[in-house]
Q: 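Mind having a look at this structure? Questions to follow.
Residue numbering restarts at 1 for every chain, and letters A, B, ... go by the order of the sequence lines.
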Amino acid sequence: MSAVQKGAVNQSQKLMVFVLTMALYGLATLFTELIPSFQVGIVEFSVEYFLFIPLTLAMLFDPLSAALGAATGELVFSEIMLGQFGGLGELEKFLTVTIGVYVAGRLVTDPRNRKMVGIAALCGTGLQLFMGMVVDILKVQLAVSDFEAVAGLPESVYATEGFAFLNDLVFSGILFCLLPTLYLVPRLYGKIEPLLGMQPRTKEVCPEAISWKLPVGCLIAFAVAVGAELLAESGISLIDWEAGWAESSAALAAGMVVAAAVAVAAVLVMRMRTQKVSGEKSV
Amino acid sequence: MKKKLTENILDKISIDFLRNQVLKNAYGNDDTVIAAMDPRMLLVWYLFFGLVPWFADDIPFLLGCFLLVALTTKLARVAGMVLFLFVVGIFSQTGYLLVVTLLFGGDASAIGPLLILTLKVATVSLASVTIFSGLDPDKLADGLMWYGCPERLSFSISYAYRMLPLLMEEFQNILLSYRLRGNPPAHHTFAGKVRYLIYQVKIIMHAFYPLMLNTAKRSRTTVEVLEIRGYRYAATNREVKKIKLSSLKLTNNDLLFLSLSFFWVSVTVLISTLI
């Protein structure tokens, strides 16, 4: 039996972790999407942050499957099932959640060590929030093309985003990520793994230690997340360029209208014909 | 006033209410015009209205797109809760920014760029509300699969679609059993109210402990059943995919919808070039 390595995870177990994290985190984000947040003074209290679920699972199981499962769960349950899918922005959220959870999961080599779990939980949350903040700032800068020209806008964006980051880190990070993770990880350790037919994670069987690959991979993924937003800026020039080769843009637009009208008419004719045919058939 | 506010919030948090809204949204409208359309065509449509507004900058075009997606949202008969969240989301993204800009000494000149930003965000998110709320998730998963999306994603959507009511009910049951056995602190005074809130949050956190164990068992069963039926081979097999996707059919209605949208968009482009 030495061929079956102790602690090695096979494909279907990875799928199990994926499904588990997806279902749980998806359910949690679904609620947070629906519960309105309320503010006391300038501090926003919201039950925004259920990141402790994927954090806990990433520390106990295969981190990559848990991270991908969490990001997919959020996408599917709270965005697609509720119809809140936001296009490009979702890619950014998907990647930042994946990175945050994955890094936190990799940091922990022994889930019984509370200090390690706590540090990893805060690191993962902080990383995710920080990347979210950077992307948010960039997004406003790029979407509003004359960003610098609008008086008061740059300062306000930096101030609100920076404050939101600190607020989230202190409030959600400690109350909703650190404490529940510290509560759940030691309690679940050794209990939940047998349910999936796995060995509990120990120092010996944990995934190999963090190497230089991890930060590099994270940086690349983050670059992709930022790139998705940068696309918006380059897209504007793309359209201008396209309009450039046409003799005049008004003529081009008029042509488009005619083409569209023809298309509508063709479809209407086709529709009438098929209706006639089906009507004859039924008679 | 304060008492009313907390009661109001607690009312909204009632899991039954949330569950009803979610279920209504996910399962309630499969008889609309939008739901009857082909998912592949709708995804192409979404790709346009989800991406192009980000790149465009002139107001007539954006306004035209916005009107069109508003109309399709109406056609999709989206649940009220989702629309409410949409409005809140728009305001929290841009309206808030406007207020803060004014605070930092900006003037009315900030309204122009922010109006464009608002229109962009609104158009993109309404387009997605139309597609993802109007289409039944199973169909959506098929459409995504046809375009060669990772099998995992369409599996996740179908799985979520079927498991969601079950999961919600289970979570509610666990919460209720915690409440039955628990002894909540008195909440007449303000300090008591804070303690009561902390107690509620704590219960929700604790409820995830049994829920995690239960879901772990369930996900093992799911995966094992999938394996027995050869899921991982089927996921990559072309024949299986063909059989699965044979139910998709393009009809004249789809073409009509697509060409009408195209017509409308080109009219707005014409208007914006003439102005």
Side-chain angles (χ1 to χ4, degrees), chain A residues 11-12 15-16 19-20 22-24 26-27 30-31 33-36 38 47 53 72 76-77 80-88 143-146 150-153 155-156 160 180 184 187-188 191-192 195-196 232 235-236 239 249-250 253-254 256-257 260-261 263-264 267-268 270-271 274, chain B residues 9 12-13 18 22 25-26 50-51 54-57 78 82 85 97 100-101 104-107 109-110 113 117 120 124-125 128-129 132-133 137 153 156-157 160 163-164 167 171 205 208-209 211-213 215-217 219-220 222-223 227 252 255-256 259-260 262-263 266-267 269-270 273-274:
Chain A
Q11 280 301 315
S12 53
L15 189 61
M16 284 174 206
V19 170
L20 171 63
M22 181 186 79
L24 283 174
L27 183 71
L30 187 70
F31 286 128
E33 198 86 12
L34 295 174
I35 297 170
F38 57 102
V47 203
I53 296 164
T72 314
V76 168
F77 277 76
I80 291 181
M81 296 290 280
L82 273 185
Q84 301 259 311
F85 190 74
L88 277 178
V144 182
S145 46
D146 42 359
V150 181
L153 190 57
E155 290 88 343
S156 66
T160 52
L184 280 170
R187 286 193 79 174
L188 285 169
K191 288 205 186 77
I192 197 170
L195 290 176
L196 297 189
I236 294 166
I239 285 176
S249 48
M256 262 172 75
V257 173
V264 172
V267 171
L268 278 176
M270 266 163 67
R271 196 179 143 89
T274 45
Chain B
I9 288 171
K12 286 275 178 315
I13 295 182
L18 297 184
V22 170
N25 190 51
L51 281 178
W54 282 117
F55 302 146
D57 247 346
V78 177
V82 173
L85 286 174
L97 207 57
V100 180
T101 308
F104 271 87
D107 47 19
S109 71
L117 184 65
K120 279 181 186 181
V124 169
S125 33
S128 67
V129 166
F132 294 104
S133 215
L153 185 65
S156 304
I157 296 174
M163 292 301 277
L164 188 64
L167 271 173
F171 184 63
M205 301 281 170
F208 271 97
Y209 174 64
L211 190 70
M212 274 182 174
L213 293 173
T215 318
K217 252 200 262 175
S219 66
R220 182 177 188 178
T222 308
V223 171
E227 293 289 320
N252 280 332
L255 292 177
L256 186 66
S259 53
L260 274 178
F262 180 50
F263 179 68
S266 49
V267 165
V269 169
L270 182 66
T273 49
L274 288 180

Q: How far apart are the closest heavy atoms of M205(B) and P180(A), and which atoms are they?
A: SD-CG, 3.4 Å

Q: Would you say that M212(B) contacts L20(A) through its side chain, given a criterion of any heavy-atom pair below 4.5 Å between the two side chains?
A: no

Q: At their closest point, which heavy atom of F208(B) faces which heavy atom of I53(A), and how far apart are they?
A: CE2-CD1, 3.3 Å

Q: So for L184(A), is it side chain, backbone, both, or neither that comes closer than 4.5 Å to the heavy atoms of chain B?
A: side chain

Q: Between V76(A) and A160(B), which heavy-atom pair has the shortest distance, and what is it?
A: CG1-CB, 3.5 Å

Q: If you count every heavy atom of other residues, nucleotides or ligands that lies below 6.0 Å from F262(B) atom CZ, does the total exceed 12?
A: yes

Q: Pair T222(B), L15(A) - check side chain to side chain contact (heavy atoms under 4.5 Å, CB included), show working.
A: CA-CA 10 Å; T222(B) 308; L15(A) 189 61; over 6 Å; no

Q: Could you look at S12(A) and say if it's the side chain, the backbone, both or neither that has a heavy atom under 4.5 Å from chain B?
A: both

Q: If you apply the rule side chain to side chain contact (heavy atoms under 4.5 Å, CB included), what do you find for T215(B) with L27(A), and how did you get there?
A: CA-CA 11 Å; T215(B) 318; L27(A) 183 71; over 6 Å; no

